[in-house]
Participant: 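Quick one: the structure is below, questions incoming.
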Amino acid sequence: MTAREGSRNLLVGVDAGGTKVAVLVADAQDAALGQATYPTDLSGPEQTLAGIAAAIRVTLAVAGVPLDAVAAVGLGVPGRVDPETGVVRHAVNLKWEALPVGDLLGGLLGVPCFVENDVRAAALGLQRHPAHAGVAHLAYLSVGTGIAAGVILNGRLHRGAHGMAGEIGHMIVDPAGPRCECGSRGCLEALTAGPAIARMGAQAVAAGAATVLRAADPLTAEAVYRAAGAGDAVAQAITGQVGRRLAQALQQLIMTYDVERVVLGGGVARAGDLFLAPILAEFGRLRAESALAAEMLPPEMFHLLPPDYDAGTWGAVTLAREGVNRVHSAVVDSTEGGPQREPIYTG
C-alpha cells in the first residue's frame, strides 16, 4: 500500500531500548503498513538518535511510503521523560541525560516527534489490543533489565506530577538489600529484575549448590526459568522468591490504584507460565489469608502480554496520534480566538 504523495496521514511508532529499535508504520485506520527491528547504536547520543532516524527512514522505504506522508512520530524510551518538552533524563541504557530528544529527532526527520517513557507507552498500546481495549483501569508491569509499570486510569494514561507514576521498580522492599542503579538499597528492581535473577543463580553456583545452572552459559534469567521448568530445585527456589516479591509489589500497586486488570510483559515475562505461576501462587496465599485480598486479587485479573503483540510500538503510534490531535486543537483554538495554548511540538 502506498500513501498518496504529500498527504500526511500516516503515523510512526518507535520503541527504542538499549539493544533494539522497533519501528511500526500505521495508517489512519490503524492498519500496519510496515514494521522492522534494528540494533541500537550506542556509540554516542547523537549516533543513537541518528540510528533511530535511519531505522524510521528504512522502514518507510521498505513499506513503500514517503517520509512526507508521516504526520508524526511517537517514541517510547527508557528513562524519565517530560512528554511536554520531549526532554529525556536518566536514560542509562541509552546514555542519555537531559537530552531534548523530541526536538532533535523531529529536526532530523522534519516531522513532529512526541516522546514518552517506554513502559507508559506500552500501557497505551495495550488499550489497542482486543483483549484489553475495554478495560478502563489497567496496569502494565514490565519485568526485564529493569522493572516499571504503566497505569491506565479512567481510560487515560496516568503520568503523575513528574511523569514517574508506576515506577514500582524503585520501591524499597529490603533496606539491607543490594545497591540499585538508582543509588538506593533493596529496590524491587535490584532484587527481582533480570540481572538480579541471573545474579542469584550465579551466587548459588558459586556456593556449590547442586544445580544444572552450573552448565548454563551464559547464566541468564532465561536460563534460571528454563532450569526451574526442568525441575531444578535451586532454580525453583529463585523463581519462587522472585514471584513472591513481584506479587507483593503488585498487591501494593493494585491497592493504591484499584485497577481491574494487570498485564505482565518484558524480557523476563517471556518465560510465560514459568514466570507467572509463582506470582499466582503468592496471590493465592494472600487470598487465603484475607477476605479483602480475595475480593481485590481474583486470579482472572492477571494476564501475560500476548507474545505476538508489540504493545510498545502500538503505544508509540497512539502517542503520535494524541500529539497531532493536541497540536491541531491548539491551532484551532488560536485561529478561532479561543484559549491560547502552546503546541506540544514547536519544531
Side-chain angles (χ1 to χ4, degrees), residues 119-144 146-160 165-171 173-174 188-189 191-193 197 221 225 228-229 236-312 314-315 318:
V119 178
R120 253 73 87 194
L124 282 175
L126 277 175
Q127 291 185 296
R128 310 170 69 95
H129 192 278
H132 308 296
V135 181
H137 306 280
L138 178 147
Y140 170 64
L141 179 71
S142 175
V143 183
I147 295 178
V151 182
I152 303 291
L153 299 179
N154 295 311
R156 298 179 64 86
L157 180 64
H158 179 64
R159 292 184 170 92
E167 287 293 335
I168 69 170
H170 297 293
M171 295 191 315
V173 296
D174 180 4
L188 179 69
E189 181 173 301
L191 292 163
T192 60
I197 297 168
Y225 277 96
Q236 288 176 343
I238 294 171
T239 58
Q241 178 179 313
V242 168
R244 286 190 295 275
R245 289 194 186 278
L246 288 174
Q248 291 159 9
L250 281 170
Q251 186 267 352
Q252 296 178 49
L253 185 74
I254 293 163
M255 297 304 292
T256 300
Y257 290 116
D258 191 17
V259 295
E260 56 188 300
R261 184 168 300 173
V262 174
V263 180
L264 299 106
V268 175
R270 293 193 188 103
D273 288 339
L274 293 172
F275 167 78
L276 186 60
I279 297 174
L280 294 182
E282 177 64 9
F283 280 131
R285 185 189 69 80
L286 294 173
R287 285 193 298 272
E289 291 183 348
S290 163
L292 177 62
E295 178 183 350
M296 296 292 292
L297 307 171
E300 63 270 18
M301 77 181 293
F302 302 100
H303 300 257
L304 289 171
L305 180 70
D308 59 346
Y309 182 69
D310 193 336
W314 277 115
T318 300

Participant: Would you say F302 and I279 make side-chain contact, with heavy atoms under 4.5 Å?
Facilitator: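 No. Closest side-chain heavy atoms not under 4.5 Å.
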Participant: So how far is it from F283 CZ to L250 CG, rounded to the nearest 0.5 Å?
Facilitator: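 Here the rounded value is 4.5 Å.
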Participant: Less than 4.5 Å apart, any side-chain heavy atom of L264 and any of L276?
Facilitator: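 Yes, their side chains come closer than 4.5 Å.
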Participant: Could you pull out the closest heavy-atom pair between E189 and I147, with the gap in Å?
Facilitator: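 Shortest heavy-atom contact: OE1-N, 3.0 Å.
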Participant: Write down the atom of T192, the atom of V143, and the distance for their closest heavy-atom approach.
Facilitator: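 What the structure gives for the nearest pair is O-CG1, 4.0 Å.
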Participant: Taking the six-membered ring for Trp, are Y257 and H158 closer than 6.0 Å centroid to centroid?
Facilitator: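 Yes, ring centres under 6.0 Å apart.
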Participant: Rounded at 0.5 Å granularity, tell me how far CD in Q251 sits from OG1 in T256.
Facilitator: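 If we round to the nearest 0.5 Å, Q251:CD and T256:OG1 are 8.5 Å apart.
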Participant: If we only count heavy atoms from C-beta on, is the M296 to D258 side-chain gap below 4.5 Å?
Facilitator: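 Yes. Closest side-chain heavy atoms under 4.5 Å.
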Participant: Kindly indicate whether the side chain of R156, heavy atoms from C-beta on, has any atom under 4.5 Å from the side chain of Q127.
Facilitator: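 Side chain of R156 against side chain of Q127, heavy atoms only: no contact under 4.5 Å found.
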Participant: Does any part of the side chain of L188, heavy atoms only, come nearer than 4.5 Å to the side chain of I168, both counted from C-beta?
Facilitator: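 Yes, their side chains come closer than 4.5 Å.
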Participant: Give me the atom names and distance for the closest heavy-atom approach of L126 to L305.
Facilitator: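 Smallest heavy-atom distance, with atoms named: CD2-CD1, 3.6 Å.
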Participant: For R270, is the CZ atom crowded, meaning more than 12 foreign heavy atoms sit under 6.0 Å from it?
Facilitator: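 For R270, atom CZ is not crowded (no more than 12 foreign heavy atoms under 6.0 Å).
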Participant: Ring-plane angle category for H132 and H303, please: parallel below 30°, perpendicular beyond 60°, tilted otherwise.
Facilitator: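 Taking H303 first and then H132, their aromatic rings stand perpendicular (interplane angle over 60°).
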